[in-house]
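For reference, the structure discussed in these notes is given below.
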Amino acid sequence: MLNFYPGPAKVYPEVRTYMTDAYDQGILGAPHRGEQFVQLSRATVGLIKRKLNIPEDYYIFFTSSATECWEILIQSLTKHKSYHIYNGSFGEKWCDYAKKLRPKSEGIAFDLNEPMPVEQLNISADTELICFTQNETSNGTQVSATTILNLHNRYRDTLIAVDATSSMAGLNLKIIKADIWFASVQKCFGLPSGLGVMVCSPRAIFRAKQIAERGHYNSLVGMYEKMLNYQTTHTPNVLGIYLLRRMLEDRPFIKGLEQELVDRSAMLYEFFGQLPDMQLLVENEEVRSKTVVAIQASERLVDDIKKRALHHNIRLGNGYGPWARTTFRVANFPAILNEEYEELKRFFLHYYS
Ligand SMILES: *Cc1c(COP(=O)(O)O)cnc(C)c1O
């Protein structure tokens, strides 16, 4: 089965060996306060920083998902309100959760074909956290590095949190331009679900200590204190962390990997852009995602293509949210091989012939 679903996505085939190795090495039953786990955790944190180009003074945390990160950040870094800028379902959901915890939180939606409107933002001084989604998986848009830099320059005193769930470990993100970045591993990391990675600046940790929110097992100060010793507040997904370590060891540095993905995304947009009876969902090239390609067509065509693809052992991504029935999505993730995209292209060319 060729899997182009944008998460849970194709896992690296090496995962099979890594899993057997984890079993054989006795890591799966090891106590999470013991030396074996601490060594694994420390090695994994080092690799995350080195392979993903994360500044040495940033802190790494293991969570269970990106959704959990949404909650942790609102819980532990805001007392009054956060401000959310979104153009799709994931950004909007984060905003909805924030409003449940902090009713004064605000959100602003922007158009699919527009860059994130940094100049038009009117964020009040009592806002404690600015939140946005770098790569909106639901519609295949992205916020560029330049836009993030502009946001950073305009709101230097406010913490900025970035949902990078479907781009971290795929793109060479400019981590220093925001305080918090997070992702789950079932997207660009090419691993099975059930583990999240959260990256925090020294300033974010300073702020968490100031607020000193300790009401939850996953309160950020508690997580920070445990992580000083490479431990977690609860028994973590040890297998997930092991797989992450192995995968990162075997992977090239993010800079080269990003270039390959960017080139491949250009190929995909060109290919899907010229097929009859369908168009790219995102017309503005500037805001198109490099890792998730969304293609729009009639409900009937989308339905038929997905079915025919499955018949050929090809899994395309469903549309999401308001675009659920009129789009399909194709992941451009590192674990998927170039040959697999060649086969995907052959399927589409054959479909029309
Ligand atoms: C997949 C995804 C999530 C949710 O990830 P979980 O692991 O299910 O919590 C959040 N945000 C974005 C942008 C995503 O793509």
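Values in this document were obtained by computation on a predicted structure and should not be read as measured data. Each ligand, and each atom within it, is numbered from 1 in the order the structure gives.
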**From T291, L195, V185, D163 - option closest to atom 11 (N) of ligand 1 by heavy atom** = D163
**Asked** Counting each atom of ligand 1 from 1 as listed, which ones have a heavy atom of Q186 under 4.0 Å away?
**Response** 6 (P), 7 (O), 8 (O)
**Item:** From T133, T63, T67 - option closest to atom 4 (C) of ligand 1 by heavy atom
**Value:** T67
**Message:** Aromatic contact between F348 and F272, with the criterion being ring centroids under 6.0 Å apart: yes or no?
**Reply:** yes
**Complete:** atom 5 (O) of ligand 1: closest protein heavy atom, distance to 0.1 Å, is S184 OG, 3.4 Å
**Message:** Going by the rule salt bridge (charged side-chain N to carboxylate O under 4.0 Å, His left out), which residues pair with E92 if we only count those two or more places apart in sequence or in a different chain?
**Reply:** none
**Request:** State whether the shortest distance between N or O atoms of F90 and N or O atoms of ligand 1 falls below 3.5 angstrom.
**Result:** no
**Fill in**
If we number the atoms of ligand 1 from 1 as shown, the ones under 4.0 Å from a heavy atom of K187 are 1 (C), 2 (C), 3 (C), 14 (C), 15 (O)
**Request:** Go through ligand 1 atom by atom and flag the ones less than 4.0 Å from a non-hydrogen atom of N135.
**Result:** 13 (C)
**Request:** Answer yes if the side chains of N218 and Q75 hold a donor-acceptor pair under 3.5 Å, and no otherwise.
**Result:** yes
**Asked** Considering only heavy atoms of T137, which atoms of ligand 1 have at least one such atom less than 4.0 Å away?
**Response** 12 (C), 13 (C), 14 (C), 15 (O)
**Message:** Could you check whether Y230 and Y59 have their ring centres less than 6.0 Å apart?
**Reply:** no
**Prompt:** Looking at side-chain heavy atoms only, is the closest gap between L310 and M1 below 4.5 Å?
**Reply:** yes
**Complete:** Sorted by chain and residue number, the side-chain contact (heavy atoms from CB on, under 4.5 Å) partners of D57 (sequence neighbours excluded) come out as P55, P202
**Message:** Assess the residue pair I305 and Y351 against the criterion (side chain to side chain contact (heavy atoms under 4.5 Å, CB included)); give the C-alpha distance rounded to whole Å, side-chain angles, the decisive distance to 0.1 Å, and a yes or no.
**Reply:** CA-CA 8 Å; I305 283 180; Y351 182 86; 3.5 Å; yes
**Per-atom contacts, ligand 1 versus W70 - under 4.0 Å to a heavy atom** = 10 (C), 11 (N)
